[in-house]
Amino acid sequence: MGKADFLTPKAIANRIKSKGLQKLRWYCQMCQKQCRDENGFKCHCMSESHQRQLLLASENPQQFMDYFSEEFQAEFLELLRRRFGTKRVHNNIVYNEYISHREHIHMNATQWETLTDFTKWLGREGLCKVDETPKGWYIQYIDRDPETIRRQQELEKKKKQDLDDEERTAKFIEEQVKRGMEAAEQDAPVYTELTRESEEEKVVFNLSKGASTSAGASKPSALGNNALKAAVSSASGKRKESSHGTTQAKEKKKKCALDEIMEQEEQQKKNTRTDYWLQPEIVVKIVTKKLGDRYHKKKAVVKEVIDKYTAVVKTVDYGDKLKLDQTHLETVIPAPGKKILMLNGEHRGSQAILDSVDEKTFSVTITIDSGPMKGHKIERVPYEDISKLA
(Lines give C-alpha, C1' and ligand atoms only; values in the text may rest on other atoms or scores of the structure.)
Protein backbone atom coordinates (compact mmCIF):
# COMPACT_ATOMS: atom_id res chain seq x y z
CA MET A 1 0.00 0.00 0.00
CA GLY A 2 1.38 3.39 -0.94
CA LYS A 3 2.21 6.18 1.46
CA ALA A 4 -0.67 8.56 2.29
CA ASP A 5 -0.60 12.03 0.77
CA PHE A 6 0.41 15.01 2.91
CA LEU A 7 -3.11 16.47 3.30
CA THR A 8 -5.06 13.24 3.69
CA PRO A 9 -6.76 12.58 7.08
CA LYS A 10 -4.49 9.64 7.75
CA ALA A 11 -1.30 11.69 7.19
CA ILE A 12 -2.63 14.47 9.41
CA ALA A 13 -3.54 11.96 12.14
CA ASN A 14 -0.07 10.42 11.96
CA ARG A 15 1.58 13.81 12.38
CA ILE A 16 -0.63 14.65 15.36
CA LYS A 17 0.17 11.30 16.90
CA SER A 18 3.92 11.78 16.44
CA LYS A 19 3.69 15.23 18.05
CA GLY A 20 2.37 13.57 21.21
CA LEU A 21 -0.08 16.24 22.45
CA GLN A 22 -3.79 15.90 21.69
CA LYS A 23 -7.03 17.04 23.29
CA LEU A 24 -7.28 16.38 27.00
CA ARG A 25 -10.99 15.42 26.87
CA TRP A 26 -10.11 12.35 24.76
CA TYR A 27 -7.53 11.04 27.24
CA CYS A 28 -8.29 8.22 29.69
CA GLN A 29 -6.12 8.49 32.77
CA MET A 30 -7.15 5.11 34.20
CA CYS A 31 -6.06 3.27 31.05
CA GLN A 32 -3.39 5.91 30.18
CA LYS A 33 -4.67 5.94 26.60
CA GLN A 34 -4.93 8.99 24.30
CA CYS A 35 -7.68 8.90 21.67
CA ARG A 36 -7.53 10.95 18.49
CA ASP A 37 -11.17 12.01 18.24
CA GLU A 38 -14.54 11.79 19.96
CA ASN A 39 -15.54 8.58 18.16
CA GLY A 40 -12.33 6.85 19.22
CA PHE A 41 -12.80 7.95 22.84
CA LYS A 42 -16.42 6.66 22.76
CA CYS A 43 -15.27 3.30 21.44
CA HIS A 44 -12.60 3.11 24.15
CA CYS A 45 -15.12 3.83 26.90
CA MET A 46 -17.28 0.95 25.64
CA SER A 47 -14.34 -1.47 25.52
CA GLU A 48 -14.00 -4.37 27.95
CA SER A 49 -10.57 -3.28 29.26
CA HIS A 50 -11.88 0.16 30.21
CA GLN A 51 -14.85 -1.37 32.01
CA ARG A 52 -12.51 -3.59 34.05
CA GLN A 53 -10.43 -0.54 35.06
CA LEU A 54 -13.59 1.27 36.17
CA LEU A 55 -14.64 -1.68 38.30
CA LEU A 56 -11.23 -1.69 40.02
CA ALA A 57 -11.37 2.07 40.62
CA SER A 58 -14.93 1.89 42.00
CA GLU A 59 -13.78 -0.42 44.80
CA ASN A 60 -11.41 2.24 46.27
CA PRO A 61 -11.60 5.52 44.29
CA GLN A 62 -9.73 7.54 46.93
CA GLN A 63 -6.68 5.30 46.65
CA PHE A 64 -6.38 5.90 42.91
CA MET A 65 -6.89 9.67 43.29
CA ASP A 66 -4.23 9.88 46.02
CA TYR A 67 -1.82 7.92 43.84
CA PHE A 68 -2.32 10.24 40.85
CA SER A 69 -2.09 13.32 43.10
CA GLU A 70 1.22 12.19 44.61
CA GLU A 71 2.65 11.38 41.19
CA PHE A 72 1.56 14.77 39.80
CA GLN A 73 3.00 16.65 42.79
CA ALA A 74 6.34 14.75 42.72
CA GLU A 75 6.87 15.24 38.98
CA PHE A 76 5.82 18.90 39.08
CA LEU A 77 8.20 19.72 41.98
CA GLU A 78 11.03 17.74 40.39
CA LEU A 79 10.65 19.75 37.18
CA LEU A 80 10.53 23.01 39.16
CA ARG A 81 13.67 22.09 41.14
CA ARG A 82 15.68 20.82 38.18
CA ARG A 83 14.61 23.41 35.59
CA PHE A 84 14.24 26.61 37.62
CA GLY A 85 16.02 25.92 40.94
CA THR A 86 15.12 28.47 43.61
CA LYS A 87 14.15 31.19 41.13
CA ARG A 88 10.76 32.92 41.29
CA VAL A 89 8.71 31.86 38.25
CA HIS A 90 5.11 32.04 37.01
CA ASN A 91 3.20 28.83 37.78
CA ASN A 92 1.72 28.66 34.28
CA ILE A 93 5.22 28.53 32.72
CA VAL A 94 6.12 25.48 34.83
CA TYR A 95 2.78 23.81 34.11
CA ASN A 96 3.08 24.29 30.32
CA GLU A 97 6.51 22.72 30.37
CA TYR A 98 5.24 19.86 32.53
CA ILE A 99 2.30 18.94 30.28
CA SER A 100 4.54 19.00 27.19
CA HIS A 101 5.69 15.54 28.27
CA ARG A 102 3.60 12.92 26.53
CA GLU A 103 3.12 10.56 29.49
CA HIS A 104 2.38 13.16 32.19
CA ILE A 105 -0.32 12.82 34.86
CA HIS A 106 -3.33 14.99 33.96
CA MET A 107 -4.68 17.36 36.58
CA ASN A 108 -8.28 16.21 36.11
CA ALA A 109 -7.27 12.88 37.66
CA THR A 110 -5.92 14.54 40.85
CA GLN A 111 -7.54 16.12 43.89
CA TRP A 112 -6.96 19.63 42.50
CA GLU A 113 -9.43 21.05 40.00
CA THR A 114 -7.35 24.02 38.81
CA LEU A 115 -3.72 25.10 38.73
CA THR A 116 -4.50 27.94 41.16
CA ASP A 117 -5.79 25.45 43.76
CA PHE A 118 -2.64 23.37 43.35
CA THR A 119 -0.45 26.49 43.70
CA LYS A 120 -2.24 27.54 46.91
CA TRP A 121 -1.85 24.00 48.28
CA LEU A 122 1.92 24.14 47.65
CA GLY A 123 2.08 27.36 49.66
CA ARG A 124 0.05 25.95 52.56
CA GLU A 125 2.20 22.82 52.76
CA GLY A 126 5.41 24.91 52.81
CA LEU A 127 6.83 23.26 49.70
CA CYS A 128 7.11 26.56 47.79
CA LYS A 129 6.93 30.29 48.38
CA VAL A 130 3.74 31.55 46.72
CA ASP A 131 2.62 35.12 45.97
CA GLU A 132 -0.19 36.55 43.89
CA THR A 133 0.37 39.47 41.48
CA PRO A 134 -1.80 41.20 38.85
CA LYS A 135 -0.08 38.94 36.29
CA GLY A 136 -1.01 35.75 38.15
CA TRP A 137 0.50 33.39 40.71
CA TYR A 138 4.26 33.06 41.14
CA ILE A 139 6.03 30.18 42.89
CA GLN A 140 9.56 29.71 44.23
CA TYR A 141 10.96 26.30 45.18
CA ILE A 142 12.29 25.86 48.73
CA ASP A 143 15.35 23.61 48.68
CA ARG A 144 15.48 21.52 51.86
CA ASP A 145 18.16 19.11 50.67
CA PRO A 146 20.55 18.29 53.58
CA GLU A 147 23.58 18.70 51.29
CA THR A 148 22.41 22.16 50.19
CA ILE A 149 21.74 23.21 53.79
CA ARG A 150 25.21 21.97 54.80
CA ARG A 151 26.86 24.00 52.01
CA GLN A 152 24.94 27.12 53.05
CA GLN A 153 26.04 26.65 56.67
CA GLU A 154 29.67 26.25 55.59
CA LEU A 155 29.46 29.46 53.53
CA GLU A 156 28.00 31.32 56.50
CA LYS A 157 30.81 30.00 58.73
CA LYS A 158 33.42 31.16 56.23
CA LYS A 159 31.86 34.62 56.02
CA LYS A 160 31.72 34.87 59.81
CA GLN A 161 35.35 33.72 60.09
CA ASP A 162 36.46 36.31 57.53
CA LEU A 163 34.61 39.02 59.45
CA ASP A 164 36.21 37.87 62.74
CA ASP A 165 39.67 38.01 61.15
CA GLU A 166 39.01 41.53 59.86
CA GLU A 167 37.79 42.63 63.29
CA ARG A 168 40.88 41.17 64.97
CA THR A 169 43.13 42.96 62.50
CA ALA A 170 41.27 46.24 63.04
CA LYS A 171 41.57 45.91 66.84
CA PHE A 172 45.27 45.08 66.57
CA ILE A 173 45.85 48.18 64.40
CA GLU A 174 43.93 50.34 66.88
CA GLU A 175 46.05 49.05 69.77
CA GLN A 176 49.25 49.76 67.84
CA VAL A 177 48.06 53.31 67.10
CA LYS A 178 47.21 53.90 70.77
CA ARG A 179 50.62 52.63 71.87
CA GLY A 180 52.32 54.88 69.33
CA MET A 181 50.34 57.90 70.55
CA GLU A 182 51.19 57.15 74.18
CA ALA A 183 54.89 56.75 73.37
CA ALA A 184 54.87 60.05 71.46
CA GLU A 185 53.23 61.82 74.40
CA GLN A 186 55.83 60.42 76.81
CA ASP A 187 58.78 61.45 74.63
CA ALA A 188 57.46 64.97 74.04
CA PRO A 189 59.40 67.62 76.06
CA VAL A 190 57.53 69.54 78.75
CA TYR A 191 58.03 73.31 78.71
CA THR A 192 57.66 75.26 81.99
CA GLU A 193 57.80 78.94 82.83
CA LEU A 194 61.03 80.46 84.19
CA THR A 195 60.01 81.51 87.73
CA ARG A 196 61.69 81.97 91.09
CA GLU A 197 60.09 81.75 94.48
CA SER A 198 61.74 84.88 95.97
CA GLU A 199 63.47 87.95 94.59
CA GLU A 200 66.75 87.17 96.41
CA GLU A 201 67.01 83.69 94.83
CA LYS A 202 69.48 83.46 91.93
CA VAL A 203 68.56 81.81 88.61
CA VAL A 204 71.15 79.10 87.76
CA PHE A 205 71.68 77.80 84.19
CA ASN A 206 73.38 74.46 83.48
CA LEU A 207 75.23 75.26 80.22
CA SER A 208 77.62 73.28 78.00
CA LYS A 209 81.44 73.38 77.85
CA GLY A 210 81.48 76.64 75.93
CA ALA A 211 79.98 78.43 78.89
CA SER A 212 82.60 77.04 81.27
CA THR A 213 85.40 78.59 79.20
CA SER A 214 83.73 81.97 79.34
CA ALA A 215 83.39 81.61 83.08
CA GLY A 216 87.11 80.90 83.34
CA ALA A 217 87.90 84.21 81.64
CA SER A 218 86.91 86.08 84.83
CA LYS A 219 89.89 84.65 86.70
CA PRO A 220 93.04 86.82 87.32
CA SER A 221 95.14 87.95 84.36
CA ALA A 222 98.06 85.79 85.53
CA LEU A 223 96.30 82.80 84.12
CA GLY A 224 96.04 84.66 80.81
CA ASN A 225 99.83 85.16 80.63
CA ASN A 226 100.45 81.47 81.31
CA ALA A 227 97.95 80.61 78.60
CA LEU A 228 99.79 82.81 76.07
CA LYS A 229 103.09 81.08 76.85
CA ALA A 230 101.54 77.69 76.44
CA ALA A 231 99.99 78.76 73.13
CA VAL A 232 103.38 79.94 71.77
CA SER A 233 105.11 76.71 72.76
CA SER A 234 102.36 74.58 71.23
CA ALA A 235 102.40 76.56 67.96
CA SER A 236 105.84 75.24 67.03
CA GLY A 237 104.71 71.67 67.62
CA LYS A 238 101.62 72.22 65.48
CA ARG A 239 103.74 73.46 62.54
CA LYS A 240 105.70 70.19 62.57
CA GLU A 241 102.53 68.12 62.49
CA SER A 242 100.76 70.32 59.90
CA SER A 243 102.30 68.52 56.90
CA HIS A 244 101.21 65.11 58.16
CA GLY A 245 97.77 66.40 59.16
CA THR A 246 96.98 67.87 55.73
CA THR A 247 97.33 64.50 54.00
CA GLN A 248 95.02 62.87 56.53
CA ALA A 249 92.47 65.70 56.08
CA LYS A 250 92.43 65.21 52.31
CA GLU A 251 91.76 61.48 52.75
CA LYS A 252 88.98 62.23 55.23
CA LYS A 253 87.41 64.70 52.80
CA LYS A 254 87.44 62.08 50.01
CA LYS A 255 85.82 59.51 52.29
CA CYS A 256 83.24 62.01 53.48
CA ALA A 257 82.37 62.93 49.85
CA LEU A 258 81.87 59.24 48.91
CA ASP A 259 79.71 58.68 51.98
CA GLU A 260 77.59 61.69 51.10
CA ILE A 261 77.08 60.46 47.50
CA MET A 262 76.06 57.01 48.76
CA GLU A 263 73.66 58.51 51.28
CA GLN A 264 72.11 60.69 48.57
CA GLU A 265 71.59 57.66 46.29
CA GLU A 266 69.97 55.69 49.11
CA GLN A 267 67.76 58.65 49.92
CA GLN A 268 66.71 58.93 46.26
CA LYS A 269 65.82 55.22 46.20
CA LYS A 270 63.71 55.66 49.34
CA ASN A 271 61.95 58.67 47.84
CA THR A 272 61.14 56.77 44.62
CA ARG A 273 59.34 53.97 46.51
CA THR A 274 55.61 54.42 47.08
CA ASP A 275 52.88 52.48 48.87
CA TYR A 276 50.87 52.08 45.64
CA TRP A 277 51.96 49.90 42.71
CA LEU A 278 49.01 49.40 40.33
CA GLN A 279 49.66 50.02 36.62
CA PRO A 280 47.42 49.47 33.56
CA GLU A 281 47.91 46.44 31.29
CA ILE A 282 49.62 44.23 33.89
CA VAL A 283 48.55 40.72 34.88
CA VAL A 284 47.57 40.29 38.55
CA LYS A 285 46.13 37.52 40.71
CA ILE A 286 42.95 37.90 42.80
CA VAL A 287 43.71 36.76 46.37
CA THR A 288 40.54 37.80 48.23
CA LYS A 289 37.95 35.15 49.17
CA LYS A 290 35.08 37.63 49.52
CA LEU A 291 34.05 37.11 45.88
CA GLY A 292 33.75 33.33 46.29
CA ASP A 293 35.65 30.42 44.78
CA ARG A 294 34.79 31.57 41.23
CA TYR A 295 37.40 34.36 41.31
CA HIS A 296 39.78 33.21 44.09
CA LYS A 297 43.34 32.67 42.79
CA LYS A 298 42.25 33.63 39.25
CA LYS A 299 44.34 35.86 36.98
CA ALA A 300 43.10 39.17 35.62
CA VAL A 301 44.35 42.13 33.55
CA VAL A 302 44.29 45.67 34.96
CA LYS A 303 42.27 47.86 32.61
CA GLU A 304 42.06 51.08 34.64
CA VAL A 305 43.60 52.51 37.81
CA ILE A 306 41.38 54.71 40.01
CA ASP A 307 42.89 56.97 42.71
CA LYS A 308 46.19 55.02 42.68
CA TYR A 309 44.92 52.25 45.01
CA THR A 310 41.88 50.85 43.13
CA ALA A 311 41.86 48.96 39.83
CA VAL A 312 39.23 47.85 37.33
CA VAL A 313 40.32 44.36 36.25
CA LYS A 314 39.04 41.90 33.63
CA THR A 315 39.31 38.20 34.47
CA VAL A 316 41.20 36.03 31.99
CA ASP A 317 38.97 32.93 32.34
CA TYR A 318 35.49 34.50 32.37
CA GLY A 319 35.95 38.01 30.96
CA ASP A 320 34.12 39.58 33.94
CA LYS A 321 35.01 43.13 35.02
CA LEU A 322 35.63 43.73 38.75
CA LYS A 323 36.59 46.77 40.82
CA LEU A 324 39.13 45.78 43.49
CA ASP A 325 41.56 47.39 45.93
CA GLN A 326 45.28 46.67 45.56
CA THR A 327 45.23 44.77 48.89
CA HIS A 328 43.02 42.15 47.18
CA LEU A 329 45.54 41.65 44.36
CA GLU A 330 49.11 40.44 44.01
CA THR A 331 51.69 40.53 41.22
CA VAL A 332 52.31 37.66 38.78
CA ILE A 333 55.85 36.41 38.04
CA PRO A 334 56.12 35.07 34.45
CA ALA A 335 58.58 32.52 33.06
CA PRO A 336 62.16 33.66 32.35
CA GLY A 337 62.47 35.50 29.04
CA LYS A 338 59.03 37.13 29.29
CA LYS A 339 58.40 40.88 29.50
CA ILE A 340 57.55 42.49 32.83
CA LEU A 341 56.81 46.03 34.08
CA MET A 342 58.57 47.74 37.00
CA LEU A 343 55.91 48.79 39.51
CA ASN A 344 58.01 50.45 42.21
CA GLY A 345 61.44 51.80 42.93
CA GLU A 346 63.90 53.84 40.88
CA HIS A 347 62.88 52.35 37.49
CA ARG A 348 59.10 52.52 38.04
CA GLY A 349 57.18 52.34 34.73
CA SER A 350 60.08 50.81 32.75
CA GLN A 351 59.67 47.59 30.80
CA ALA A 352 62.19 44.81 31.38
CA ILE A 353 62.89 41.16 30.57
CA LEU A 354 62.97 38.55 33.32
CA ASP A 355 66.33 36.74 33.39
CA SER A 356 66.06 34.43 36.41
CA VAL A 357 64.09 33.80 39.61
CA ASP A 358 65.62 33.24 43.06
CA GLU A 359 62.99 31.46 45.17
CA LYS A 360 65.13 31.49 48.33
CA THR A 361 65.32 35.30 48.53
CA PHE A 362 61.94 35.90 46.81
CA SER A 363 63.64 38.09 44.22
CA VAL A 364 64.42 38.15 40.50
CA THR A 365 67.12 39.33 38.11
CA ILE A 366 65.97 41.55 35.26
CA THR A 367 67.35 43.49 32.29
CA ILE A 368 65.88 46.93 31.53
CA ASP A 369 64.33 46.94 28.04
CA SER A 370 63.20 50.56 27.68
CA GLY A 371 64.30 54.08 28.59
CA PRO A 372 67.78 55.54 29.08
CA MET A 373 68.88 52.57 31.22
CA LYS A 374 68.15 50.02 28.46
CA GLY A 375 70.43 46.98 28.75
CA HIS A 376 71.17 47.65 32.43
CA LYS A 377 70.99 44.47 34.55
CA ILE A 378 69.48 44.62 38.06
CA GLU A 379 69.65 41.84 40.64
CA ARG A 380 67.63 41.07 43.78
CA VAL A 381 64.45 42.85 42.69
CA PRO A 382 61.56 41.84 45.06
CA TYR A 383 58.56 39.95 43.67
CA GLU A 384 56.17 42.77 44.57
CA ASP A 385 58.09 45.34 42.45
CA ILE A 386 57.40 43.64 39.10
CA SER A 387 54.49 42.00 37.31
CA LYS A 388 53.80 40.26 34.03
CA LEU A 389 52.70 42.41 31.06
CA ALA A 390 49.40 41.50 29.38
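In what follows, every heavy atom counts, from backbone to side chain, and hydrogens, waters and symmetry copies are set aside. No experiment lies behind these values; they were computed from the predicted model shown.
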query = Which pair of heavy atoms, one from M342 and one from I366, lies closest together, and at what distance?
reply = SD-CD1, 3.2 Å
query = Does some side-chain heavy atom of K299 sit less than 4.5 Å from a side-chain heavy atom of V332?
reply = yes
ask   = For V381, does its backbone N or O pair with a side-chain atom of D385 as donor and acceptor, under 3.5 Å?
value = no
inquiry  = Would you say that Y383 contacts V364 through its side chain, given a criterion of any heavy-atom pair below 4.5 Å between the two side chains?
reply    = yes
remark   = The ring pair (Phe, Tyr, Trp, His ring centres under 6.0 Å) partners of W112 (sequence neighbours excluded) come to F118, W121
task = Please identify each residue that fulfils salt bridge (Lys or Arg N to Asp or Glu O under 4.0 Å) with R179, with sequence neighbours left out.
result = none
note = Sorted by chain and number, sequence neighbours left out, side chain to side chain donor-acceptor pair (under 3.5 Å) with Q176 holds for none
Please list every donor-acceptor pair under 3.5 Å in which a side-chain atom of residues 308-316 meets a protein atom from a residue at least two apart or in another chain.
{"from": "Y309", "atom 1": "OH", "to": "D275", "atom 2": "OD1", "distance (Å)": "2.9"}
{"from": "Y309", "atom 1": "OH", "to": "D275", "atom 2": "OD2", "distance (Å)": "3.1"}
{"from": "T315", "atom 1": "OG1", "to": "G319", "atom 2": "N", "distance (Å)": "3.0"}
{"from": "T315", "atom 1": "OG1", "to": "D320", "atom 2": "N", "distance (Å)": "2.9"}
{"from": "T315", "atom 1": "OG1", "to": "D320", "atom 2": "O", "distance (Å)": "3.4"}

query = Partners of H50 by ring pair (Phe, Tyr, Trp, His ring centres under 6.0 Å), sequence neighbours excluded?
reply = H44
message = Tell me every residue that passes side chain to side chain donor-acceptor pair (under 3.5 Å) with D131, counting only those two or more places apart in sequence or in another chain.
response = R88
request  = Give a yes-or-no answer on whether the side chains of T114 and D117 include a donor-acceptor pair shorter than 3.5 Å.
outcome  = yes
message = Applying side chain to side chain donor-acceptor pair (under 3.5 Å), can you list everything that pairs with T361, at least two apart in sequence or on another chain?
response = D358, S363
message = For F362, I'd like to know if atom CZ has over 12 heavy atoms of other residues, nucleotides or ligands within 6.0 Å.
response = no
inquiry  = To the closest 0.5 Å, what do you measure between CD1 (I286) and CZ (R294)?
reply    = 10.5 Å
note = F76 and N91 have their tightest heavy-atom pair at CZ-O, 4.5 Å
inquiry  = Strictly distance-based, threshold 3.5 Å: is any side-chain N or O of S370 a donor or acceptor partner for the main-chain N or O of A352?
reply    = no
ask   = Going by the side-chain hydrogen bond (donor to acceptor under 3.5 Å, both in side chains) test, which pairs reach into residues 372-382, not counting sequence neighbours?
value = none
request  = Of all the heavy-atom pairs spanning L77 and C128, show the shortest one and how long it is.
outcome  = CD2-SG, 3.8 Å
task = Kindly determine whether K290 and E166 satisfy salt bridge (charged side-chain N to carboxylate O under 4.0 Å, His left out), including the steps that lead there.
result = CA-CA 12 Å; K290 294 182 179 179; E166 290 179 359; 2.4 Å; yes
inquiry  = List the residues meeting side chain to side chain donor-acceptor pair (under 3.5 Å) with K339, not counting sequence neighbours, and say none if there are none.
reply    = none
query = What residues form a side-chain contact (heavy atoms from CB on, under 4.5 Å) with D317, not counting sequence neighbours?
reply = K298
request  = Quick one: which residue pairs count as a side-chain hydrogen bond (donor to acceptor under 3.5 Å, both in side chains) with a foot in residues 74-87, not counting sequence neighbours?
outcome  = E75-Y98, E78-R81, R83-E97
inquiry  = Please give me the minimum heavy-atom distance between D355 and T367, naming the atom from each residue.
reply    = OD2-OG1, 2.5 Å
inquiry  = Give me the atom names and distance for the closest heavy-atom approach of Q279 to L341.
reply    = CB-CD2, 3.7 Å
query = Looking at residues at least two apart in the chain, or sitting in another chain, which of them share a ring pair (Phe, Tyr, Trp, His ring centres under 6.0 Å) with H296?
reply = none
query = Side-chain contact, heavy-atom cut-off 4.5 Å: L329 with L278?
reply = yes
message = Give me the atom names and distance for the closest heavy-atom approach of N344 to Y276.
response = ND2-O, 4.1 Å
key: Side chain H328, main chain K289, donor-acceptor under 3.5 Å   = no
ask   = Does the side chain of I386 reach to within under 4.5 Å of the side chain of L343, using non-hydrogen atoms?
value = no
